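On a predicted model such as this, the values are computed, not experimentally measured, just so you know. Computed over heavy atoms, backbone and side chain alike; hydrogens, waters and symmetry mates excluded.
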Protein chains: 2
Amino acid sequence: MTAGFRDTRPSPAQPVTISDVAEAAGVSRQTVSNVLNAPDRVRAETRERVTKVIADLGYHPNHMARSLRASSPRMIGCRIQPLHAETVAAIQDRFLHALAEAGQECGHHLLLFAAADVAAEAEQCTALWRAGAVSGVVLYDITPDDPRPGRLTAAGVPFTAFGRTAVGTESYSWADVDNTAGTASAVDHLVAAGHRRIGFLGWPEGSSAGDARAHGWLTAVDRHGLLAASHRLDVRGDDTTTTGSRLMRELLDRPGPPTAVVAATDTFAVGALHAVRDQGLRPGRDVAVVGFDDSPAAAAMGLSSVRQPIKEVGRLVMAEVLRLTGRPPGADGEPPQEPLHRLLAPELVVRASSAPSQGSPPAGSDASPLCL
Amino acid sequence: MTAGFRDTRPSPAQPVTISDVAEAAGVSRQTVSNVLNAPDRVRAETRERVTKVIADLGYHPNHMARSLRASSPRMIGCRIQPLHAETVAAIQDRFLHALAEAGQECGHHLLLFAAADVAAEAEQCTALWRAGAVSGVVLYDITPDDPRPGRLTAAGVPFTAFGRTAVGTESYSWADVDNTAGTASAVDHLVAAGHRRIGFLGWPEGSSAGDARAHGWLTAVDRHGLLAASHRLDVRGDDTTTTGSRLMRELLDRPGPPTAVVAATDTFAVGALHAVRDQGLRPGRDVAVVGFDDSPAAAAMGLSSVRQPIKEVGRLVMAEVLRLTGRPPGADGEPPQEPLHRLLAPELVVRASSAPSQGSPPAGSDASPLCL
DNA sequence: AGCCTCCGTGTGAACGATAAAATCGAGGGT
DNA sequence: ACCCTCGATTTTATCGTTCACACGGAGGCT
């Protein structure tokens, strides 16, 4: 049934405290504390003795006690969203992982909570902060008219956002991927490959990232003087492969069909690839496709895609929220800290779906053959 | 730059404590505490007065202080994995959300951390528990020879797993989806539809869920007396649509090709659907396909799929780990608690990819038309 | 009247850790 | 011999909350 009746000593029934260590080492509590927090104040000999006892007893400083004393919980709050779409999900996963990893390096952990909607999320954030359970919070998936930044600012909760609203972005800290530059670089790449009619597949207007991606496509097409040829090749729908397929078929059926498309997500792009092949066209040779997000599926299928530096965003956002919580801005006369506004450049990963003419790439190259 | 220079009162620079409330209400700390934790011990009149002051001052009990006093952090630890495959990711998202939601109902939160591998994860779990940062931990994505349950048991860390190892399952608490029953029900469904040669697409041996799904297919096929016709139709590879496609093509090229396949994941299944259509066959009519996980993609594409009751698993796992942490098993003479072993039945969601003969289903039915 | 009980409230201690201040001993300068 | 400094360590106080107990007054019972 259970392992053994009397454990040797690996799992102490009573957790070992700093006093236990002090007693065992023949010093006072504070000396043990100094060994851990200010080793230079302790004589080398004593330090070694205490360190050994700490290891022997398996002592770990109590997180709650430390947080209480420092009145800093060393926790960053973050909501986990229910599964909306596949794309969001994939990003959420990677973002949360990046946050957790970045926080861990400075001894901070992630406190995850669920909330029904953004209003409930803002309330939760405020409550958690007031209760001293988190020193700050992270927001993501920001919509243009998102109420969260405003409410948290009003409540005085330190936070940093991945993404930004349409207005008021100067008053809070955020980091965002330059979606506009992402789709623009995709267009540049396609133009350089000789394409002149370049379509766009994306969400309907109303999302922050989506609108920026559409805008990047539009301005880049215009900049290359291809607006007249391309501006009718802008189609929108919800983010599924099915819709991507349908939209692409529509485009190909038009009088002046595109020779290349930029998709707002890999999901759209995968759907588009199917549609291309359905029409008996060769993806990458007859019609080029570039996706967005560089999902595992893109790598597997040889789909060119714009890679978001999610890990970097996570690091930045975590670093910023920690900076904000470092010294509360309410403190005496201190000048209020300048909020962070950072736009990170995404990176276009070229694969077979948009560069078949590359010939046989060297082994291990990212431009793997298109196998659909 | 910043909103205002002197906030009216919404964000108190100094957090309001229980003593502040006590002073403002003209009672002692303990009375305020009683109002919150044992209202029946306080006279109604006093209770109302204190409650009002609490609301006015916006008092929230300090989480850290409460945890320290109770020596129970009301936190459950859980690792977040880096993105392995798409399938894992989708499940991870939903599982973490289910956990967070279930925990919230009893005032518990999720502490997320990153770890390079299972060994590091076990170490982190132990450290977090020793440090009193979590009252217990949750494991998931368990492999047959997973070292985590053993190590955590040895360290005395309360935990519950989503999934189980090959041996020793009786000594720890777990909940799992009955993967075997899932693929078996898919086979039953296909047999009922008249299929006799039923293939299987899955991972190579070595994963817990994967082996169980393969086993379910095999035993069900055998039970229906179709082993001879089907046993050579078992193909394996990594979990990508590309591989799914390739494997399906292989199956269809064989002498006695399958008229239906059961896939270990929706990813395999989506790939299989592509291959079917490539051969000029009609998915659902000529060749039936059933996936696993009921991902959003499956719903969108009309792919029949076995749905895992993730939400229910999350609730169960959270409830169990809270039960385990309720009273430490090390306490005096108390009989050790019986660990939980629970197998949850998945549910087959039939859609067009395996039941085209259903004709036009009533509007809103799950058996939506197959649009690939 | 005297004693016990019960109810509402207040006081002291403790949870485990750490910042700040006090203490102690050794050495150095005059 | 005295004072001073300096480094190593201990003592004291504190973070915000809750448990265990003490206290005082009202009421009932003998």
Report yes or no: does B/Asn34 contribute a side-chain atom to a donor-acceptor pair with the main-chain N or O of B/Thr31 at less than 3.5 Å? no
If you look at every strand shown and take non-hydrogen atoms under 4.0 Å, does B/Thr46 touch a base, only sugar-phosphate, or nothing? sugar-phosphate
Which atom pairs, one a donor and one an acceptor, fall under 3.5 Å between side chains of residues 110-128 of chain A and the rest of the protein, sequence neighbours left out?
{"from": "A/Asp117", "atom 1": "OD1", "to": "A/Ala119", "atom 2": "N", "distance (Å)": "3.1"}
{"from": "A/Asp117", "atom 1": "OD1", "to": "A/Ala120", "atom 2": "N", "distance (Å)": "2.8"}
{"from": "A/Glu121", "atom 1": "OE1", "to": "A/Arg79", "atom 2": "NH1", "distance (Å)": "3.1"}
{"from": "A/Glu121", "atom 1": "OE1", "to": "A/Arg148", "atom 2": "NH1", "distance (Å)": "2.8"}
{"from": "A/Glu121", "atom 1": "OE2", "to": "A/Arg148", "atom 2": "NH1", "distance (Å)": "3.2"}
{"from": "A/Thr126", "atom 1": "OG1", "to": "A/Ala122", "atom 2": "O", "distance (Å)": "2.8"}

Find the distance A/Arg47:CZ to D/dT9:C1' and express it as a whole number of Å. 14 Å
Please give, in whole Å, the distance from D/dC15 C1' to A/His63 NE2? 15 Å
Side-chain heavy-atom pair A/Trp174, A/Thr169 within 4.5 angstrom cut-off: yes
Without decimals, in angstroms, what is the distance between A/Arg29 CZ and D/dT14 P? 14 Å
When rounded to whole Å, the CD1 to P distance for the pair B/Ile18 and D/dC19 reads 11 Å
Counting C-beta onward and ignoring hydrogens, is there a side-chain heavy-atom pair between A/Val137 and A/Leu152 closer than 4.5 Å? yes
Dump the intermediate steps for side-chain contact (heavy atoms from CB on, under 4.5 Å) on B/Gln30 and B/Ser33, then the final yes or no. CA-CA 5 Å; B/Gln30 186 60 28; B/Ser33 176; 4.3 Å; yes
Kindly indicate, with the supporting measurements, whether the criterion side-chain contact (heavy atoms from CB on, under 4.5 Å) is fulfilled by A/Leu316 and A/Leu344. CA-CA 10 Å; A/Leu316 256 176; A/Leu344 279 85; 3.3 Å; yes
Looking at B/Glu105 and B/Arg315, is there a salt bridge between them, counting it only when a charged N and a carboxylate O are closer than 4.0 Å? no
Just checking B/Arg47: does its CZ atom have more than 12 heavy atoms from other residues, nucleotides or ligands closer to it than 6.0 angstrom? yes
Heavy-atom nearest nucleotide on DNA chain C for B/Ala70 versus B/Asp40: which residue maps closer to 5'? B/Asp40
side-chain contact (heavy atoms from CB on, under 4.5 Å), that's the test. Do B/Leu36 and B/Ile54 meet it? Break it down for me. CA-CA 10 Å; B/Leu36 293 170; B/Ile54 288 177; 4.0 Å; yes
Taking only side-chain nitrogens and oxygens of B/Asn37, does any of them come within less than 4.0 Å of OP1 or OP2 of D/dT18? yes
On DNA chain C, compare the nucleotides closest to A/Asn62 and B/Val27; which residue's is nearer the 5' end? B/Val27
Given D/dA8, D/dC15, D/dT17, the nucleotide with the shortest approach to the side chain of B/Ala65: D/dT17
A/Leu68 CG - D/dA13 P separation (whole Å): 18 Å
Bounds of contact between DNA chain C and chain B, in 5' to 3' order, using a heavy-atom cut-off under 4.0 Å: C/dG8 to C/dG16
Roughly how many Å is it from CG in B/Leu36 to P in D/dC19, rounded to a whole number? 12 Å
Length of the line joining A/Arg69:CZ and D/dT12:P, which is rounded to integer Å: 16 Å
What is the nucleic acid contact for A/Arg43, judged by heavy atoms within less than 4.0 Å: base, sugar-phosphate only, or nothing? sugar-phosphate
How far does the helix from C/dA1-D/dT30 to C/dT30-D/dA1 bend, going by the axes of its first and last five pairs, to the nearest 10°? 70°
Toward the 5' end of DNA chain D, by each residue's nearest nucleotide, B/Gln30 or B/Met64: B/Met64
Evaluate the criterion side-chain contact (heavy atoms from CB on, under 4.5 Å) for residue pair A/Asp93 and B/Ile80; output intermediate values, then yes/no. CA-CA 8 Å; A/Asp93 253 323; B/Ile80 183 166; 4.3 Å; yes
How would you label the contact of B/Thr17 with the nucleic acid (heavy atoms, under 4.0 Å): base, sugar-phosphate, or nothing? sugar-phosphate
Has the side chain of B/Arg66 got a donor or acceptor that lies under 3.5 Å from a partner of the other kind on the base of D/dT17? no
